[in-house]
Amino acid sequence: MTDFQLDSHTPKGSLEDRWTQHKFDLKIVSPANRKKYNIIVVGTGLAGAAAAASLGEMGYNVKTFCFQDSPRRAHSIAAQGGINAAKNYQNDGDSTWRLFYDTIKGGDYRARESNVFRLAELSTSIIDQAVAQGVPFAREYSGYLANRSFGGAQVSRTFYARGQTGQQLLLGAYQAMSKQINEGTITHHSRSEMQDLILIDGKAKGIVSRDLVTGKLESHIADVVVLCTGGYGNVFYLSTNAKGCNASAVWRAHKHGALFANPCFTQIHPTCIPQAGELQSKLTLMSESLRNDGRIWAPKNKADCDKKPEEIAEQDRDYFLERMYPAFGNLVPRDIASRAVKLICDEGRGVGHDIDGKKLGVYLDFAKAIEVHGLDAISEKYGNLFDMYQHIAAEDPYTTPMRIYPAVHYTMGGLWVDYNLMTSIDGLFAGGEANFSDHGANRLGASALMQGLADGYFVLPSTVSNYLAHQKPLDMTQSYPEAEQALQACKDKIDQLMNAPKPQKTPDEFHRKLGQIIWNACGMAREKSVLEQSIVEIKALRDQYWQQVKITGSDDTLNQTLERAGRIADFFELAELMCIDALTREESCGCHAREEHITDDGEAQRHDEDFSYVAAWQYSGNLSVPVLYKEELHFEFVRPTTRNYR
């Protein structure tokens, strides 16, 4: 364990000039010298592919790794609804400052001002970059790029490609990356998962990877390592994340000294298809863009909950978001909408399937929108989303309201990074959802794509170059004992997983139990006594896991059970830290709703005098006794107030 002072390296001066001045102050590597440096990028979703393509085009030698069979299958494709940018094409009062303010406020004043303003500032360049790549954004009849609204904003700033925005943006980044692969500046490894981080003299200088087809472990050395491996929502077992999404890369970096920031800040998305059965393993997102035209309601009377929605008269429907938050209506931020839906279902006014004796669902209704705009217009906007819903729920959303319920979707927590996106480990950077930097306690809709591409195309190329300008290139012909030690440690961990003393249960059986514990303790509502009990239960279940996990097959071939087992082992450790973090934060803010700190009208009750900080946790060698470092948040340009969307 290392004792050190947290320094975010946030620049001073006027907010709008900070990034420009900071870029000028950064050192650069001359084009002739760039080919002497080697960079590893782990994860090739939007942030990773954009960073790799940019660094490769600059002339660096880049190695990329993803566990999918192609970068095109990264979970970035699941971001359906759009990407925010302060272009103000609608002439409705948008600006960089308004996007900055909405993002700070939406995150409940738990993010750095400088990082968020940079994000808002770069948003316009992202759209220009994507258009230049040929990303097929929706356009108005005139040919101008179209916009729609998302939660937490009263302007239309979201650019979209029907309901496939993430996929289309990823294809743009992928083709840029493919160009560099063809030119030889990027060497890509698909079906290859990071197992551990290699430190040389305390600096990140490589990784150990496992070939998921052959089982071969291999060490890779570089001058700098960039992690763009996404979030940890699958710790809950049920989430909208792809089943392969995991926290292993960032967690193993954390155990080498990288601080983990705000782990309890996990976003619950209000518009997901509800759970249909207790053995279900995956949930599906319905884009937030649907809240532009869909109206959310529940029966006013419990007696109507078993009726078909078309049998419930208009006067017996409670359009509760419009009632509770008239200024924003159905477009309140995700954390607020999710808590409102939970409140309705807790009152016994939910609809749909019974899960543990409770109906978990409300209606998202498009009848009014179809009446006003016509079926063709709604189909043009949302047709692929409606098709997806019909395939999963076997109901036609054009004639029957969708059923929705909140589910885990995104994680605002992640590796602590400074303004340059470098973690507390020298030479280890983190981009996109893998870091904590921009969204505070709640991410506004359509901001994930914005952050991933801002980090990948515009921030990391400058800050990684600055780091390398201060480093002498590693000798790639030399053997490093640290690499051999890391390789052996990975072999030992795999052997331990494969040879549990009393193998009885599959990894997924343990994961399902863990998910239930962490959802009840650290989901939409948190309570001191429940968190304390859950920590005890997580530790006991983790001990049982290492004794009883059963992994069939061998480790020298394709073995998806082994893959999942390693990831779930990391989830067990992360889950405890999430509960410790939630227990320590004696306030409610954004997604973090402590039952002891809720106002009389059901809103989050922050305690800025005590908790206006980033909680950055250090691994101490004992999972149950992490060390807390606090990065105090200072607000020079925005005054923290109680969020009001009424």
Side-chain angles (χ1 to χ4, degrees), residues 19-20 22-24 26-66 71-72 74 76 83 85 118-119 121-135 166 168-189 222-230 417 419-422 427-435 437-438 448-469 471:
W19 174 236
T20 301
H22 186 70
K23 277 197 299 181
F24 177 74
L26 295 175
K27 301 295 182 184
I28 57 177
V29 179
S30 70
N33 286 332
R34 291 173 192 165
K35 58 180 172 287
K36 300 176 183 177
Y37 290 95
N38 293 271
I39 300 170
I40 285 175
V41 178
V42 185
T44 50
L46 277 179
S54 301
L55 292 163
E57 191 163 9
M58 291 166 72
Y60 294 107
N61 300 312
V62 182
K63 274 187 177 182
T64 56
F65 298 82
C66 72
R72 289 175 297 172
S76 300
I83 177 171
R118 176 176 66 187
L119 178 65
E121 180 184 353
L122 291 173
S123 67
T124 57
S125 298
I126 295 169
I127 302 303
D128 296 339
Q129 170 88 356
V131 169
Q133 291 174 334
V135 172
Q168 298 302 325
L169 286 167
L170 183 61
L171 288 173
Y174 173 71
Q175 69 186 25
M177 181 180 156
S178 297
K179 175 175 177 284
Q180 297 310 311
I181 293 173
N182 187 59
E183 293 184 4
T185 61
I186 295 178
T187 303
H188 178 65
H189 302 266
D223 297 287
V224 65
V225 177
V226 183
L227 300 184
C228 299
T229 51
V417 291
Y419 189 70
N420 292 325
L421 303 187
M422 189 163 80
L428 178 67
F429 290 77
E433 194 179 353
N435 72 39
S437 68
D438 293 343
L449 300 178
M450 179 172 62
Q451 187 209 345
L453 292 178
D455 289 355
Y457 282 134
F458 301 108
V459 182
L460 287 167
S462 296
T463 58
V464 170
S465 292
N466 170 69
Y467 177 80
L468 292 174
Q471 306 295 314

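Position 1 is the first residue of the sequence; numbering continues from there.
- A cation-pi arrangement is present between Arg118 and Tyr419 under the rule of less than 6.0 angstrom and at most 45 degrees off the ring axis.
- In this structure, Asn435 contributes its side chain and Val417 its backbone to no donor-acceptor pair below 3.5 Å.
- Residues satisfying the side-chain contact (heavy atoms from CB on, under 4.5 Å) test with Arg72, not counting sequence neighbours, are Ser70, Leu171, Tyr174.
- Shortest non-hydrogen contact noted between Ala454 and Ile126 is N-CD1, 3.6 Å.
- For the pair Ala85 and Ile127, the tightest heavy-atom approach, listed with the atom from each and the gap, is CB-CG1, 3.4 Å.
- Put simply, CD1 on Ile186 and CE on Met177 are 5.5 Å apart, with the number rounded to the nearest 0.5 Å.
- The minimum heavy-atom distance between Thr64 and His188, with the atom names listed, is OG1-ND1, 2.7 Å.
- Between the CG atom of Asn466 and the NZ atom of Lys27 there is a distance of 8.5 Å, given to the nearest 0.5 Å.
- Counting only distance, with no hydrogens or angles, the side chain of Gln175 and the backbone of Gln133 share a donor-acceptor pair below 3.5 Å.
- When the shell of 6.0 Å around CD1 of Ile28 is examined, it contains 12 or fewer heavy atoms from other residues, nucleotides or ligands.
- The shortest non-hydrogen separation linking Val135 to Gln168 is CG2-O, 3.8 Å.
- Side-chain contact between Ser76 and Leu169 is absent, with no heavy atoms from C-beta onward closer than 4.5 Å.
- Looking at Asn182 and Lys179, their side chains never bring a donor and an acceptor atom within 3.5 Å of each other.
- Remark: side-chain polar atoms of Asn61 are not paired, donor with acceptor, to backbone N or O of Thr185 under 3.5 angstrom.
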Identify each donor-acceptor pair in which a side-chain atom of residues 37-53 lies under 3.5 Å from a protein atom, sequence neighbours left out, and give them as a table.
| unit_1 | atom_1 | unit_2 | atom_2 | d |
| --- | --- | --- | --- | --- |
| Tyr37 | OH | Leu468 | O | 3.2 |
| Tyr37 | OH | Gln471 | O | 2.7 |

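- To the nearest 0.5 Å, atom CG of residue Asp455 and atom CG of residue Leu460 are 5.5 Å apart.
- Of all heavy-atom pairs spanning Phe458 and Trp19, the tightest one is O-CZ2, 3.6 Å.
- Counted by atom type alone, Ser30 and Asn33 present one or more donor-acceptor pairs between their side chains at under 3.5 Å.
- A side-chain donor from one of Ser465 and Tyr60 sits under 3.5 Å from a side-chain acceptor of the other.
- Taking all atoms of both residues into account, the shortest heavy-atom contact from Tyr457 to Ala173 is OH-CA, 3.3 Å.
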